[in-house]
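Take a look at the structure set out below.
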Amino acid sequence: MKPKFTNSARYKCLEYLKKHSVDLYLCYCGMEECEPGHYYGPATRSEYLIHYILSGKGIFQADGKTYHLGEYNAFVIYPDEITFYQADTEDPWTYIWVGFGGAKAETCLNYASLNKENRIGVFKCKEELVNCVKGMLNASKLTYANDLKREGFLFMFLSALINENNANEQHNIYDYPYQIYVEHALEFIDHNYDKDIKVNDIANYIGIDRSYFANIFKKIMHVSPQQYLINYRLEKARNLLKKSNLSISEISERIGYSDPLYFSKLFKKYYNISPTEYRTQIEELVSASKKGE
DNA sequence: TTACAGAGAATCAATGAGGC
DNA sequence: GCCTCATTGATTCTCTGTAA
């Protein structure tokens with residue numbers, strides 16, 4: 001079976017997806033029963049590519065290493081790296097492949113314990129993976145509904161790899177299964193601390209209940225989400241006081257507090273010094289150190 | 001998930017310092 | 001004296017954390 005989804009319209013869409021930092025998108029997929037000695041490369045790819053071997057044997061070369069692979073093995077190719085792979089001359093392999101990209105592509109591979117140091121994985125969920133690729137191929141007609149279907153099968157494909165990896169590993173890469181929620185929360189705070197965000201907004205963004213979120217956040221960070229947000233904002237404020245000449249009102253606005261009076265009060269409560277006094281002290285320290293030079 | 005106590009956020013008024 | 005900016009205190013309402 002030859003790879004599909006190679007027309008120019010698809011590539012235009014992929015360019016759009018790449019530009020807009022979509023989490024995950026499918027580039028192409030396929031399934032092939034290789035001829036003896038059939039090879040590909042040395043060549044590079046512009047996306048992440050996973051091959052999964054259904055039967056037979058072959059070799060895969062990357063980073064100057066050669067891997068001898070067979071049934072249930074998967075190997076991963078990273079964008080822009082030179083690789084080579086070849087089917088065995090006596091027992092050539094049959095494999096499926098999925099090329100994909102997106103902001104979360106590498107993270108997904110990591111969850112499946114696939115990375116540049118560990119390019120090979122063993123996954124017994126053959127039937128599930130084949131069904132996903134067949135699903136993608138059956139939805140090849142270019143319609144919006146099929147786009148969603150293909151993306152759905154891509155998520156299921158990666159989910160199957162991750163699931164099996166988690167079952168095999170004694171410990172997940174996370175100490176807590178819900179640690180990922182906290183990571184998303186930290187990311188959300190980092191991107192939105194300058195806006196009028198509340199703990200409820202963070203919980204909504206992650207898609208879990210507010211009180212449940214506060215609970216797990218504190219379990220991992222040892223501080224409540226709100227406390228963390230305040231500390232984060234005040235640290236940013238201290239940096240702005242040190243490195244800029246912005247007024248207290250402007251700084252207050254930049255860290256997400258619409259009311260400079262409240263910001264000033266909060267700053268004093270946490271640091272026992274008003275923002276203006278803090279700035280004066282910093283300036284005095286700087287001029288003293290210059291005189292000392 | 002819910003209820004509730006307590007903390008945080010918002011608002012207003014008063015005051016002070018500094019510049020014009 | 002007037003204006004702007006910053007700070008502080010008091011009050012009220014909203015939101016958050018937590019236990020059940």
Side-chain angles (χ1 to χ4, degrees), chain A residues 21 23-24 103-104 107-108 111 152 155-156 158-159 162-163 166-167 171-293:
Chain A
S21 301
D23 285 349
L24 278 174
K104 289 190 177 164
T107 307
C108 286
Y111 286 153
F155 277 78
M156 284 165 66
L158 294 169
S159 150
I162 294 167
N163 242 343
N166 288 350
H171 299 291
N172 197 347
I173 58 170
Y174 288 121
D175 294 334
Y176 300 99
Y178 37 69
Q179 191 169 335
I180 192 162
Y181 292 143
V182 178
E183 285 190 3
H184 284 307
L186 298 179
E187 194 179 300
F188 184 79
I189 290 170
D190 185 46
H191 292 156
N192 296 284
Y193 71 91
D194 57 336
K195 300 178 189 78
D196 179 28
I197 57 164
K198 299 180 174 59
V199 173
N200 210 15
D201 299 323
I202 307 172
N204 285 340
Y205 168 75
I206 300 167
I208 59 175
D209 183 74
R210 176 187 67 77
S211 48
Y212 176 57
F213 164 65
N215 211 346
I216 60 178
F217 191 95
K218 189 156 191 183
K219 200 171 273 184
I220 290 175
M221 300 299 289
H222 306 292
V223 64
S224 71
Q226 190 173 49
Q227 203 56 57
Y228 177 87
L229 183 59
I230 291 172
N231 290 339
Y232 194 88
R233 282 172 161 159
L234 291 181
E235 265 311 305
K236 294 283 180 187
R238 286 218 295 187
N239 271 333
L240 288 170
L241 285 166
K242 271 186 220 169
K243 295 173 184 171
S244 77
N245 292 319
L246 293 171
S247 70
I248 305 300
S249 300
E250 285 170 316
I251 291 176
S252 166
E253 204 164 316
R254 286 203 184 191
I255 61 165
Y257 291 121
S258 55
D259 184 5
L261 312 183
Y262 178 68
F263 161 63
S264 178
K265 219 184 286 186
L266 199 66
F267 193 95
K268 177 136 195 185
K269 183 182 168 188
Y270 275 74
Y271 300 123
N272 274 327
I273 186 172
S274 72
T276 313
E277 284 172 327
Y278 178 79
R279 177 175 268 164
T280 309
Q281 278 191 8
I282 293 293
E283 282 167 0
E284 282 171 2
L285 280 172
V286 170
S287 65
S289 68
K290 276 182 183 168
K291 279 178 192 169
E293 278 172 6

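Computed from heavy atoms alone, side chains included, the values below leave out hydrogens, waters and symmetry copies. Per chain, numbering begins at 1; letters A, B, ... match sequence-line order.
A:P275 comes within contact range of the sugar-phosphate backbone alone, with a heavy-atom separation under 4.0 Å but no base atom that close.
Taking the side chain as every heavy atom from C-beta outward, A:I251 and A:Y257 never approach each other to under 4.5 Å. Using a 4.5 Å cut-off on side-chain heavy atoms (C-beta onward), A:F267 and A:I248 make no contact.
Take A:S264 and apply the side-chain contact (heavy atoms from CB on, under 4.5 Å) test, not counting sequence neighbours, and it matches A:P275. With sequence neighbours excluded, the residues forming a salt bridge (charged side-chain N to carboxylate O under 4.0 Å, His left out) with A:R238 are A:E235, listed by chain and number. The salt bridge (charged side-chain N to carboxylate O under 4.0 Å, His left out) test applied to A:E250 returns no partner, not counting sequence neighbours. Evaluation of the side-chain hydrogen bond (donor to acceptor under 3.5 Å, both in side chains) rule for A:E277 yields A:S274 as partners, not counting sequence neighbours. A:K265 meets the side-chain contact (heavy atoms from CB on, under 4.5 Å) test with no other residue; sequence neighbours excluded.
Not a single donor-acceptor pair under 3.5 Å links the side chain of A:S249 to the backbone N or O of A:P260.
With rounding to the nearest 0.5 angstrom, the OG1 atom of A:T276 is 7.5 Å from the CZ atom of A:R279.
For the pair A:Y228 OH and B:dA7 P, the computed distance is 23 Å after rounding to whole Å. For the pair A:K268 NZ and B:dG8 C1', the interatomic distance rounds to 19 Å; values are reported in whole Å. Atom pair A:F263:CZ and B:dA10:P shows a separation of 14 Å (rounding to whole Å applied).
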Please tabulate, one pair per line, each protein N/O and nucleotide N/O from nucleotides 11-15 of chain B that are separated by under 3.5 Å, including the distance.
from   : atom 1 : to     : atom 2 : distance (Å)
B:dT11 : O4     : A:K265 : NZ     : 3.3

For nucleotides 1-5 of chain B, tabulate all protein N/O to nucleotide N/O atom pairs closer than 3.5 Å, reporting atom names and distance.
from  : atom 1 : to     : atom 2 : distance (Å)
B:dT2 : O4     : A:S211 : OG     : 3.2

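Contacts between chain A and DNA chain C, taken as any atom within less than 4.0 angstrom of a protein heavy atom, begin and end at C:dA6 to C:dT18.
When all heavy atoms are compared, the tightest approach of A:R233 to A:I255 is NE-O, 2.8 Å.
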